[in-house]
Asks: 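Got a structure here, written out as structure tokens. Questions coming.
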Amino acid sequence: MLHNSIVMVLIIFVVNIIYVSFSTTRMILTLKGYRYIAAFVSMVEIIIYIIGLGLVLDNLNKIQNIIAYAAGYGIGVIVGMKIEEKLALGYITVNVITTGANLDLAKKLRESGYGVTTWDAHGLEGDRIALQVLTPRKYELKLYQAIQTIDPKAFIIAYEPKTIYGGFWVKAVKKGKLSK
């Protein structure tokens with residue numbers, strides 16, 4: 001009897017991890033505009049959900065099943081976030097403010113394949129150079145490392161652009177031709 005109880009708890013736990021991971025992934029795909037892939041993922045997600053919920057509802061008298069369902073849900077959120085990090089869909093725009101004009105940060109980033117736009121900026125403590133860099137999210141950490149290596153004191157702000165049009169570099173990015 002105890003063996004069956006442990007197996008049931010494990011099944012409910014694993015099923016819910018899978019369900020919530022699919023749910024998180026589907027949400028990200030939807031937000032990024034991957035409609036058809038998101039629709040397919042949602043079909044698999046709902047099948048898994050029905051199975052997991054059915055197991056719990058059939059055994060509501062056993063608190064360990066409810067706890068396994070809740071724990072699986074929580075772990076599933078974390079797993080789903082890790083999956084999203086690995087997928088790294090979309091692009092990131094990074095604004096960099098630097099004091100060192102002689103560092104030639106923009107030139108070095110361009111040589112690495114990043115699209116960089118620069119302009120003069122004026123801050124509380126004097127003149128600065130502002131850079132705006134567009135990159136696929138999968139290269140985001142490499143970009144931060146490159147900036148920090150060249151200018152450890154650079155001020156960095158990153159955000160995800162919703163829409164990107166025009167520019168010489170956009171076509172190359174979409175074809176995956178960034179060198180780093």
Side-chain angles (χ1 to χ4, degrees), residues 14-50 52 72-100 103-121 123 128-180:
V14 170
V15 165
N16 223 26
I17 290 173
I18 295 168
Y19 155 66
V20 177
S21 298
F22 268 83
S23 177
T24 304
T25 304
R26 181 215 8 108
M27 188 181 311
I28 298 299
L29 291 167
T30 301
L31 291 172
K32 300 288 184 181
Y34 294 89
R35 291 182 190 121
Y36 301 109
I37 298 171
F40 177 76
V41 169
S42 71
M43 291 185 326
V44 175
E45 170 195 349
I46 201 67
I47 291 167
I48 296 167
Y49 171 74
I50 291 169
Y73 199 97
I75 301 293
V77 169
I78 294 168
V79 171
M81 291 171 66
K82 292 291 184 186
I83 291 170
E84 193 279 330
E85 286 174 13
K86 296 294 182 193
L87 289 174
L89 300 172
Y91 300 92
I92 191 90
T93 298
V94 178
N95 288 339
V96 182
I97 300 172
T98 181
T99 58
L103 294 173
D104 211 8
L105 180 60
K107 180 181 177 189
K108 291 176 182 176
L109 292 175
R110 286 183 186 118
E111 288 171 354
S112 295
Y114 296 102
V116 181
T117 300
T118 64
W119 61 91
D120 293 327
R128 304 283 187 257
I129 296 174
L131 296 84
Q132 188 171 55
V133 185
L134 174 67
T135 187
R137 280 195 52 228
K138 64 184 173 182
Y139 298 121
E140 181 178 4
L141 295 179
K142 288 181 183 179
L143 174 60
Y144 296 152
Q145 291 169 350
I147 293 167
Q148 290 296 305
T149 299
I150 299 165
D151 185 2
K153 294 182 180 180
F155 178 69
I156 302 169
I157 302 172
Y159 57 92
E160 286 189 62
K162 182 176 178 175
T163 306
I164 302 171
Y165 290 110
F168 77 94
W169 191 73
V170 172
K171 288 181 184 176
V173 169
K174 289 186 177 180
K175 291 179 182 176
K177 294 186 179 181
L178 189 64
S179 65
K180 280 197 173 185

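For this chain, numbers begin at 1 and follow the sequence in order.
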Asks: Show me the donor-acceptor pairs, under 3.5 Å and distance only, between side chains in residues 29-41 and residues at least two apart or in other chains.
Replies:
from, atom 1, to, atom 2, distance (Å)
Thr30, OG1, Arg26, O, 2.8
Lys32, NZ, Leu89, O, 3.3
Lys32, NZ, Glu160, OE1, 2.1

Asks: Which value, rounded to the nearest 0.5 Å, describes the distance between Ser21 atom OG and Asn16 atom CG?
Replies: 9.5 Å
Asks: With sequence neighbours left out, write down each residue that passes ring-ring contact (aromatic ring centres under 6.0 Å, His included) with Tyr49, or none if nothing qualifies.
Replies: Tyr19
Asks: So Tyr159 and Asn95, do their side chains get closer than 4.5 Å, heavy atoms only?
Replies: yes
Asks: Pick from Val116, Thr117, Thr93: which one makes a side chain to side chain contact (heavy atoms under 4.5 Å, CB included) with Val133?
Replies: Val116
Asks: Can you name the nearest heavy-atom pair linking Val94 to Ala158, along with the distance?
Replies: CG2-CB, 4.1 Å
Asks: Can you see which heavy atom on Ala146 is nearest to which on Leu109, and at what distance?
Replies: CB-CD2, 4.1 Å
Asks: Which pairs would a plain distance check flag for residues 79-88, meaning a side-chain donor or acceptor within less than 3.5 Å of a matching protein atom at least two apart in sequence or in another chain?
Replies:
from, atom 1, to, atom 2, distance (Å)
Glu84, OE2, Arg137, NH1, 2.6
Glu84, OE2, Arg137, NH2, 3.4

Asks: Atom CD1 of Ile18 and atom CD1 of Ile47: how far apart are they, to the nearest 0.5 Å?
Replies: 13.0 Å
Asks: Over all heavy atoms of both residues, which pair between Gly52 and Val15 is shortest? Give the atoms and the distance, please.
Replies: CA-CG1, 3.5 Å
Asks: Does some side-chain heavy atom of Gln148 sit less than 4.5 Å from a side-chain heavy atom of Ile156?
Replies: yes
Asks: Looking at CG of Leu143 and CG of Leu134, how far apart are the two atoms once the value is rounded to the nearest 0.5 Å?
Replies: 10.0 Å
Asks: When rounded to the nearest 0.5 angstrom, what distance separates CD1 in Ile147 from NZ in Lys142?
Replies: 14.5 Å
Asks: With rounding to the nearest 0.5 angstrom, report the OG1 to CD distance, Thr118 to Gln132.
Replies: 11.0 Å
Asks: How many angstroms lie between atom CD1 of Ile75 and atom CD1 of Ile17, to the nearest 0.5 angstrom?
Replies: 6.0 Å
